[in-house]
Every structure is written in structure tokens, then in C-alpha cells.
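What follows is a single structure, written as C-alpha cells, with notes after it.
Along the sequence shown, residues are numbered consecutively beginning with 1.
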Amino acid sequence: QVRLVESGGTLVQPGGSLRLSCAASGTIFKASAMAWYRQSEGKQRDLVAQIVEGASTTYADSVKGRFTISGDNTWNRVYLQMNNLKPEDTAVYYCSADLKTSIRGPYDTYWGQGTQVTVSS
């Protein structure tokens, strides 16, 4: 059983920084991509940043130049460094991972439970 657990969300003032972490545990053979999504109240869940095969990164236009996604070589952790935070970044942030648990198994998408980020003065 694979489990993703996010941490690092909290209340921060506009212009501040936060680093979110996502720890993956369980039987993981290989991950193809890991990502951060966010969902504000009453809105859909949107992609914030994605890292594929540990190298190629993609960012939402609204966070380019402010957020950086990174991961360790073992695919056990993925991070989201968030700088110059704005009130519109307030949301629940979710970690996701596309991974397989065995050499012949399919890739499945797994989700964490989310961590709240609130940007307010």
C-alpha cells in the first residue's frame, strides 16, 4: 500500500516563503512523475507544478518564477519551495505521484490528504 503524506502548510504573510514536503512510503518500484496540486474553496483542483523522471518540470503560469518543485533520487520525497507568496496562493495543497508498485504493474496515481496554506496579513 502506497501512502503520500504532505507537511509544511501554515499561515504566512504576503511576500513570505514556505517549503512543502511530501513523503511517499510503501512498496514503490518506480515513479514516473510527482506533482503538487492546489484547491481553493469552491474551485477545482489545479496543477501547480510537476516533475517528470526526476528532471523535467512544469509550472502553472501563476506560480512561474516563484515556486520550485524538486525531488530526491529515490522518489521518496518531493518538495515545493514557494517564495513571494500572495493571498491568491491560499489553498489546500495536494501531492500526487504516478508510480508502479511492481515491475510488471501499471502506473497508478496516488494522492496525499492535503496541507493547508493560508497567505494573509
Side-chain angles (χ1 to χ4, degrees):
Q1 187 74 8
V2 174
R3 188 173 179 225
L4 302 180
V5 179
E6 302 97 334
S7 62
T10 189
L11 172 65
V12 63
Q13 291 188 343
S17 296
L18 276 180
R19 189 191 195 205
L20 304 183
S21 297
C22 174
S25 61
T27 304
I28 300 172
F29 176 76
K30 184 179 180 181
S32 64
M34 298 187 79
W36 288 94
Y37 286 74
R38 68 186 180 187
Q39 187 169 20
S40 305
E41 190 172 347
K43 296 185 178 181
Q44 67 181 19
R45 189 176 299 187
D46 292 325
L47 177 67
V48 175
Q50 182 182 55
I51 184 166
V52 179
E53 298 289 344
S56 176
T57 57
T58 303
Y59 296 94
D61 288 342
S62 60
V63 307
K64 283 181 181 177
R66 299 189 298 124
F67 291 10
T68 303
I69 188 170
S70 61
D72 66 16
N73 292 331
T74 65
W75 291 100
N76 286 337
R77 286 187 180 271
V78 65
Y79 307 97
L80 186 67
Q81 178 66 42
M82 306 186 293
N83 298 326
N84 189 22
L85 282 160
K86 304 176 181 180
E88 51 264 43
D89 294 319
T90 295
V92 178
Y93 284 72
Y94 296 90
C95 171
S96 77
D98 296 334
L99 52 87
K100 55 172 35 177
T101 57
S102 65
I103 191 170
R104 293 186 179 86
Y107 281 98
D108 291 319
T109 300
Y110 297 83
W111 292 90
Q113 84 289 347
T115 186
Q116 176 70 48
V117 173
T118 302
V119 184
S120 175
S121 55

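A pairwise comparison of heavy atoms in L47 and A35 identifies CD1-CB, 3.9 Å as the closest pair. Of all the heavy atoms in L99 and A31, the pair that sits closest is CB-CA, 3.7 Å. Residues S120 and P14 share a closest heavy-atom pair of C-CD, 3.6 Å. A91 approaches Q39 most closely through the heavy-atom pair CB-O, 3.5 Å.
A donor-acceptor pair is defined here as one N or O able to donate and one able to accept, closer than 3.5 Å; no such pair exists between the side chain of T118 and the backbone of L11. In terms of modelled atom types and a separation under 3.5 Å, the side chain of E6 and the main chain of G114 share a donor-acceptor contact. S40 places a side-chain N or O within donor-acceptor distance of the main-chain N or O of T90, the cut-off being under 3.5 Å.
Linking Ile, Leu, Val, Met, Phe, Trp and Tyr residues whenever their side-chain heavy atoms come within less than 4.5 Å places M34 and V117 in a single cluster. No continuous path of ILVMFWY side-chain contacts below 4.5 Å connects V48 to Y79, so the two sit in separate hydrophobic clusters. Hydrophobic clustering, with ILVMFWY side chains joined whenever heavy atoms are under 4.5 angstrom apart, keeps V92 apart from L18. Tracing side-chain contacts under 4.5 Å through hydrophobic residues (I, L, V, M, F, W, Y), one reaches V12 starting from Y93; they form part of the same cluster.
In this structure, the separation between CE on M82 and CZ on R19 is 11.5 Å, given to the nearest 0.5 Å. Summarising the geometry, atom OG belonging to S102 is positioned 13.0 Å from atom NZ belonging to K30; distances are rounded to the nearest 0.5 Å. Atom OG1 in T57 sits 6.5 Å away from atom CD1 in I51 (nearest 0.5 Å). If you take OG on S25 and CZ on R77, they are separated by 10.0 Å, rounding to the nearest 0.5 Å.
A cation-pi geometry, defined here as NZ or CZ lying under 6.0 Å from the six-membered ring centre and within 45° of its normal, holds between R45 and Y94. In this structure, K100 forms a cation-pi arrangement with Y107, its terminal cationic atom sitting closer than 6.0 Å to the ring centre and no more than 45° off the ring axis.
D89 and K86 are not joined by a salt bridge, as no carboxylate oxygen comes within less than 4.0 angstrom of a charged side-chain nitrogen.
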Query - Trace of the side chain to side chain contact (heavy atoms under 4.5 Å, CB included) decision for D61 with Y59 - result: CA-CA 6 Å; D61 288 342; Y59 296 94; over 6 Å; no

Report task. Please assess S96 against Y37 for the test side chain to side chain contact (heavy atoms under 4.5 Å, CB included), listing each intermediate value before the final yes or no. Result -> CA-CA 8 Å; S96 77; Y37 286 74; 3.5 Å; yes

Query - Trace of the side chain to side chain contact (heavy atoms under 4.5 Å, CB included) decision for V2 with T101 - result: CA-CA 8 Å; V2 174; T101 57; 3.7 Å; yes

Query raised in the report: Can V119 and Q13 be said to form a side chain to side chain contact (heavy atoms under 4.5 Å, CB included), step by step?
Result: CA-CA 5 Å; V119 184; Q13 291 188 343; over 6 Å; no

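Hydrophobic clustering, defined by side-chain heavy atoms of Ile, Leu, Val, Met, Phe, Trp and Tyr closer than 4.5 Å, groups F29 together with I103.
Taking the side chain as every heavy atom from C-beta outward, Q50 and V78 never approach each other to under 4.5 Å. Taking 4.5 Å as the limit, some side-chain heavy atom of S62 sits within range of a side-chain heavy atom of R38.
Counting non-hydrogen atoms of neighbouring residues, nucleotides and ligands closer than 6.0 angstrom, the CD atom of E88 exceeds 12 such neighbours.
Remark: aromatic rings of F67 and W36 are distant, center separation not under 6.0 Å.
Under the rule for a side chain to side chain donor-acceptor pair (under 3.5 Å), the partners of N83 that lie at least two apart in sequence or sit in another chain are S17, Q81.
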